[in-house]
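First listed ligand is number 1; within each ligand, the first listed atom is number 1. This chain uses plain numbering: 1 for the first residue, then up along the sequence.
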Amino acid sequence: MRTQNCDLPQATSHLPLILVLNSGSSSLKFALIQPDSGEIVFSGLADRLTTAEALLQVKSAGGTRKTAPIPFATHAASLDTIFRSLKDFQIAAVGHRVVHGGEKFRESVVIDDAAEAAIATCMTIAPLHAPPNLVAIRAARKKFPQLTHVAVFDTAFHQSLPPYAYTYAVPYEWYEQHKVRKYGFHGTSHRYVAQEAARRLASAPENLQLLTAHLGNGASVCAVRNGKSVDTSMGFTPLEGLVMGTRSGDMDPNVFLFLHQQAGLSLMEVTEILNKKSGLLGLSGVSNDMRTLLVEKAKGHPRASLAVEVFCYRLAKHLLGTAAALDHIDAIVFTGGIGENSWPVRQRTLEHLRIFHATIDHELNRSHGAGAAGRITTSDSQLLALVVPTNEELLIARETTRLMKPC
Ligand code: AMP
């Protein structure tokens, strides 16, 4: 399948830039980042890949946006189009977001043939995400063989969890033979906001104990103790834990057998429903999008209201439970599309956390902590809560710069 030749913006920057690639199951995001300033000079998203509606959208630093249909484009074909659009930029290295690093990868690595082969072995535990990651790695290494390529793993930050936090209470052979354990995800985001919160608090990450809540379409919490992840809500896959856009989060696994016997659903069907038709969407019957649900809730829609309530209560419960990994809490940090933008969700969640004696500054909460370095609790609150926008691409660009071969 050939992609169309898009009329993409011209390059304007001659600074060495890091290309960050984030290849998901049906989408591919890229960003060209100046790692010192964090400036994104050119970025884009190809989504709905392999469908008739596949679309490439790009944005230049000046704000010029262009879109081009790329019907039925695969990951590989859309990468070709993206690479062509980058020909006038000076790219210094390529950073790849890799969803699963299993137990092999405790930190970011330079991708050589051995690392690429090891990433490929993670395919069995992440069959949805690992293949598109590999397609992007292989295509980019072929296109830019002279550049350093770095893999930054979503799971790596959580490899510091102690065995009692990552081990499930199932026959131990499941772990030994099949590596069934908690891995945790969103590690790049939790790590970035923990570092950024430390900067805002004029402290070193090593001196802080934080609870971070990444609340986007996927959602997870993390206990970050002295700069290291010590517990997190997602598990073997990104299904466990919080209520998400379309994922159920925590569930009793006996429901599989019950629904099979009562409703004739197969294992595949229940799995698909728990991942794609549950969460906010399944509860509300309206949308997986928190913005829509808050509008419907305000109009009195009972199931939209219930969906928001279940989301906030489960979040508070996980924050309380995850706090077991800390001695004290220096701050709770909200991030992700919902965490950064949805003040009613933050308010309701902090109300459920009354046992921590958080006093919300309602004006600051409604303005997402503007002018107060993200603080949304009063200055005398016993619990400090912050809003810190995440920037996974920047962290990937910085990791790539750190591991780059000297020129
Ligand atoms: P993400 O996956 O991080 O892009 O986050 C997506 C989620 O953030 C969706 O549920 C959006 O509805 C939610 N979101 C984004 N902006 C807002 C907003 N202004 N108010 C409430 N939710 C928002």
Novice: If the plane angle is over 60° it's perpendicular, under 30° parallel, otherwise tilted; pick one for F42 and F30.
Specialist: perpendicular
Novice: Could you walk me through whether F144 and L19 satisfy the side chain to side chain contact (heavy atoms under 4.5 Å, CB included) test, starting with their C-alpha distance in whole Å, then the side-chain angles of each, then the deciding distance to 0.1 Å, before giving a yes or no?
Specialist: CA-CA 11 Å; F144 305 111; L19 170 63; 4.1 Å; yes
Novice: Side chains of E392 and T188: do they bring a donor and an acceptor to under 3.5 Å?
Specialist: no
Novice: Could you check whether H318 and S233, counting side-chain N and O atoms only, form a donor-acceptor pair closer than 3.5 Å?
Specialist: no
Novice: So which protein residues pack against ligand 1 under 4.0 Å, heavy atoms counted?
Specialist: G216, N217, N288, D289, M290, R291, G336, G337, I338, N341, S342
Novice: Given H100, which of F185, F153, F236 fulfils the ring-ring contact (aromatic ring centres under 6.0 Å, His included) condition?
Specialist: F185
Novice: Is there a side-chain contact between V94 and T400 (heavy atoms, below 4.5 Å)?
Specialist: no
